[in-house]
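Some notes on the structure that comes next.
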Amino acid sequence: MLKVLLIIAIVLLCLFVLSFIVYFFNLDMKLTSAIQPLLQKHYDKIKKDRKI
């Protein structure tokens, strides 16, 4: 039982450290800015329906 709790504590600590690194270096917005041109290219190809 102690082994399971230790493993859960280690996993939670690793997830916390990983989320802190993502937050500290702003990696979520850097990833978004890298993906944005690909998404923009996709949405530019979509036929637009502008009926009012």
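Closest approach of Val22 to Asp28, counting heavy atoms only: CG1-N, 4.1 Å.
Exactly one of Gln40, Lys41, His42 qualifies for a side chain to side chain donor-acceptor pair (under 3.5 Å) with Asp44. That residue is Gln40.
Ring orientation note: the planes of Tyr23 and Phe20 are tilted relative to one another, at an angle of 30° to 60°.
Between the CG atom in Leu13 and the CG atom in Leu18 there is a gap of 11.0 Å [rounded to 0.5 Å]. To the nearest 0.5 angstrom, Lys48 atom NZ is 11.0 Å from Tyr43 atom OH. Expressed to the nearest 0.5 Å, how far CD of Gln36 lies from CE of Met29 amounts to 10.0 Å.
Contact annotation: the side chain of Cys14 approaches that of Ile10 to within less than 4.5 Å [non-hydrogen atoms, C-beta and beyond]. Looking only at side-chain heavy atoms (C-beta outward), Leu31 and Leu27 stay at 4.5 Å or farther from each other.
Scored by the side-chain contact (heavy atoms from CB on, under 4.5 Å) test, Ile8 finds Val4, Leu12 as partners (sequence neighbours excluded). With sequence neighbours excluded, no residue forms a side chain to side chain donor-acceptor pair (under 3.5 Å) with Asp49.
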